[in-house]
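Shown next, in structure tokens, is the structure this report addresses.
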Amino acid sequence: MKINFLQQIISGGVAKVFSALVGFLLVSVSIRFLGGEKYGLWMSLYTFVTWFSMLDFGIGGGLRNKLSESLAEKDYQKAKEYVSTAYISLAAICSGLIVAFVVFSQFINWESVFSLDPNLVSVDDSVAIIQLTIVTFLTTLFFKLCVNVSFSYHKSQHATYLFLAQQLLGLVVVFAFNYYGESGFEAFIVYGFVINAANFLVLVLFNLYVFISLAPELKPSLKCFHFDKLKSVFNLGGKIFLIQICAVCLYSTDIFLLNKYDAAISATQYAVLQKYFGIAVFASSILVAPVWSAITSLKNSGDLSELRRFYQKLLKLFSGIFLMLLVLYFSFQYVAPIWLGDTVSFQSNSILLMAVYTGILIYLQLLSSFLNGYGAVFVQLIFASFAAVVNIVATVWVLKVMNGTVEHALMISIIVNVPSVIVFSVQVSKLLNTQAKGIWAK
């Protein structure tokens with residue numbers, strides 16, 4: 001299958017630009033609709049719930065690799081068996097998780113978990129949105145498998161189209177409520193419902209597109225379910241799943257911990273800075289989106305010289321992303337007043353630290369995509385686990401015991417990721433030069 005890398009970058013890039021603009025508007029409209037503190041509470045709740053998006057036990061990642069291999073071999077029957085097995089297995093898992101959550105949710109003290117302030121949003125409203133968002137996320141896990149099918153067909157831009165559609169629908173509806181409705185405690189319920197409904201509806205429609213237009217030959221079928229295919233998917237996918245859990249713990253806990261141990265406004269500051277420098281992450285995602293499946297295809301072709309040339313081109317392209325980070329850093333003081341007005345204020349150190357942290361994440365994103373596509377994930381698993389555990393323990397200690405701030409949380413996140421940058425770079429170099437042996441090749 002031909003890899004249209006340039007086409008994926010261009011079409012995905014255009015969509016990323018629109019997605020970034022829509023995302024900025026959504027943040028601005030959301031803060032005006034909810035207020036700074038309520039938006040911080042929403043982001044802490046939403047960040048917590050995103051942890052559940054990793055509960056596919058690696059089925060998505062495993063499917064992506066195995067499907068890419070099958071399509072490269074033009075074995076469409078085997079490809080359909082992998083898709084059917086993945087969909088049916090994840091449907092069973094998600095159904096079980098939803099039932100378990102509904103049963104045990106009533107025994108969880110959500111007020112304590114999120115340090116809910118009844119003067120900000122009523123506890124009942126907050127709990128209702130938490131429960132709705134978790135159930136929605138568990139349901140969309142099943143529907144998100146279609147994104148991996150698109151990646152395997154080297155249509156990485158589809159993931160961007162999907163995210164853009166979700167944000168755009170959410171923006172339009174929230175703007176309508178903001179313009180015509182009244183703010184209050186009820187606004188939190190309205191906002192949560194709108195965002196969840198937008199995410200769910202767009203994913204359902206995208207599944208219909210994938211199996212009616214893009215890949216009708218891969219439409220899931222019960223008779224194509226095979227346990228041996230499930231084992232094959234889990235073999236690599238299980239390791240990717242554990243890495244994803246570590247990544248979510250590492251990159252998503254700071255907002256939650258800031259809200260719990262510092263203040264909701266600190267969570268808002270972190271979330272807004274993350275969104276702003278996320279422009280560079282968006283840009284890097286344009287380049288990195290096709291990498292995973294492309295690396296899998298090039299590795300299976302046995303053309304290591306082409307693999308090396310491909311990676312060198314990526315490094316050159318990524319140098320432009322780091323220049324973008326510098327521009328974003330120096331322009332923040334001019335953009336923030338226009339974007340946010342006087343709703344949120346920031347310390348200069350936190351702006352610089354978020355810029356550095358984002359740069360590290362962008363480079364790790366490239367290295368991880370290469371290693372995932374190559375199927376060499378064991379070293380990743382070790383270092384991701386180490387970084388996740390140390391980051392959570394250190395951040396809780398600094399915020400709770402030392403009365404730390406956003407700046408301290410960011411410094412910890414930077415420090416724990418540096419070893420991964422060094423080691424993953426060494427591993428990629430060894431793989432490209434056929435020097436990887438033992439643990440480096442696993």
Side-chain angles (χ1 to χ4, degrees), residues 9-10 12-32 36 39-40 43 47 159-160 163-164 167-168 171 247 250-252 254-255 258 265-289 291 314-369 405-418 420-421:
I9 289 178
I10 294 174
V14 173
K16 284 284 185 183
V17 171
F18 281 106
S19 184
L21 292 174
V22 172
F24 268 74
L25 290 173
L26 182 57
V27 170
S28 180
V29 170
S30 298
I31 290 178
R32 284 173 169 80
Y39 182 72
M43 285 305 302
T47 299
T160 309
F163 185 59
L164 171 59
Q167 288 199 115
L168 187 58
L171 173 63
L250 184 60
Y251 307 133
S252 301
D254 282 354
I255 292 178
L258 283 167
I265 195 63
S266 295
T268 299
Q269 291 169 348
Y270 189 103
V272 170
L273 286 173
Q274 193 176 55
K275 190 70 176 180
Y276 177 75
F277 287 104
I279 294 174
V281 178
F282 270 130
S284 67
S285 298
I286 297 170
L287 302 179
V288 83
V291 170
L314 284 173
L315 290 178
K316 291 177 182 178
L317 290 170
F318 264 74
S319 62
I321 304 297
F322 294 108
L323 289 176
M324 181 186 293
L325 268 177
L326 287 176
V327 173
L328 288 171
Y329 169 68
F330 287 109
S331 63
F332 182 81
Q333 59 181 318
Y334 306 107
V335 174
I338 300 173
W339 178 31
L340 303 168
D342 58 357
T343 55
V344 186
S345 60
F346 302 90
Q347 296 293 325
S348 58
N349 288 339
S350 63
I351 302 169
L352 175 60
L353 289 168
M354 182 60 82
V356 174
Y357 180 46
T358 303
I360 291 174
L361 294 186
I362 287 171
Y363 187 48
L364 282 175
Q365 185 182 35
L366 172 61
L367 295 173
S368 296
S369 292
T405 61
V406 173
E407 290 86 347
H408 295 103
L410 285 168
M411 282 191 287
I412 292 170
S413 296
I414 290 170
I415 293 170
V416 300
N417 277 288
V418 170
S420 296
V421 170

_Which residues share a side-chain hydrogen bond (donor to acceptor under 3.5 Å, both in side chains) with Tyr363, sequence neighbours left out_ = Ser425
*If every non-hydrogen atom of Ser413 is compared with every non-hydrogen atom of Asp254, which pair is closest and at what distance?*
OG-OD2, 2.8 Å
_Could you walk me through whether Val272 and Ile31 satisfy the side-chain contact (heavy atoms from CB on, under 4.5 Å) test, starting with their C-alpha distance in whole Å, then the side-chain angles of each, then the deciding distance to 0.1 Å, before giving a yes or no?_
CA-CA 10 Å; Val272 170; Ile31 290 178; 4.1 Å; yes
_With Ser28 via side-chain hydrogen bond (donor to acceptor under 3.5 Å, both in side chains) - residues at least two apart_ = Arg32
*To the nearest 0.5 Å, how far apart are CG in Leu25 and CG in Leu168?*
9.5 Å
*asked:* Can you confirm whether Phe346 sits close enough to Gln333 that some side-chain heavy atom of one is under 4.5 Å from a side-chain heavy atom of the other?
replied: no
_Nearest 0.5 angstrom please: Lys316 NZ to Leu287 CG, how far?_
14.5 Å
_Tyr357 and side-chain contact (heavy atoms from CB on, under 4.5 Å): which single residue from Leu352, Leu410, Ile362, Leu273 fits?_
Leu410
*Please answer whether the main-chain N or O of Val281 pairs with a side-chain N or O of Ser284 as donor and acceptor at a distance below 3.5 Å.*
yes
_Inter-residue atom distance Lys275.NZ - Leu26.CG, 0.5 Å rounding_ = 6.5 Å
*Which pair of heavy atoms, one from Leu164 and one from Ala15, lies closest together, and at what distance?*
CD2-O, 4.1 Å
*Nearest-0.5 Å distance, CD of residue Glu407 to CD1 of residue Ile351*: 9.5 Å
*asked:* If you compare all heavy atoms of Val421 against all heavy atoms of Leu367, which two are closest, and at what distance to 0.1 Å?
replied: O-CD1, 3.9 Å
*Can you measure from CG (Leu171) to CZ (Phe24) and round to the nearest 0.5 angstrom?*
13.5 Å
*asked:* Whether the side chain of Gln167 engages the backbone of Ser19 through a donor-acceptor N/O pair (distance < 3.5 Å, no angle test) should be reported.
replied: yes
*Backbone N or O of Leu366 within a donor-acceptor pair of the Ser369 side chain at under 3.5 Å?*
no
*Roughly how far, to the nearest 0.5 Å, is CG of Leu21 from CD1 of Ile279?*
8.0 Å
_Whether the Gln269 and Ser350 side chains hold a donor-acceptor pair (N or O, under 3.5 Å, no angle test) is what I'd like checked._
no
*Over all atoms of both residues, closest heavy-atom pair of Leu325 and Ala280*: CD2-CB, 3.7 Å
_As a quick check of understanding, evaluate side-chain contact (heavy atoms from CB on, under 4.5 Å) for Thr160 and Phe18, giving each step before the final call._
CA-CA 10 Å; Thr160 309; Phe18 281 106; over 6 Å; no
*By ring pair (Phe, Tyr, Trp, His ring centres under 6.0 Å), which residues pair with Tyr276, not counting sequence neighbours?*
Phe332
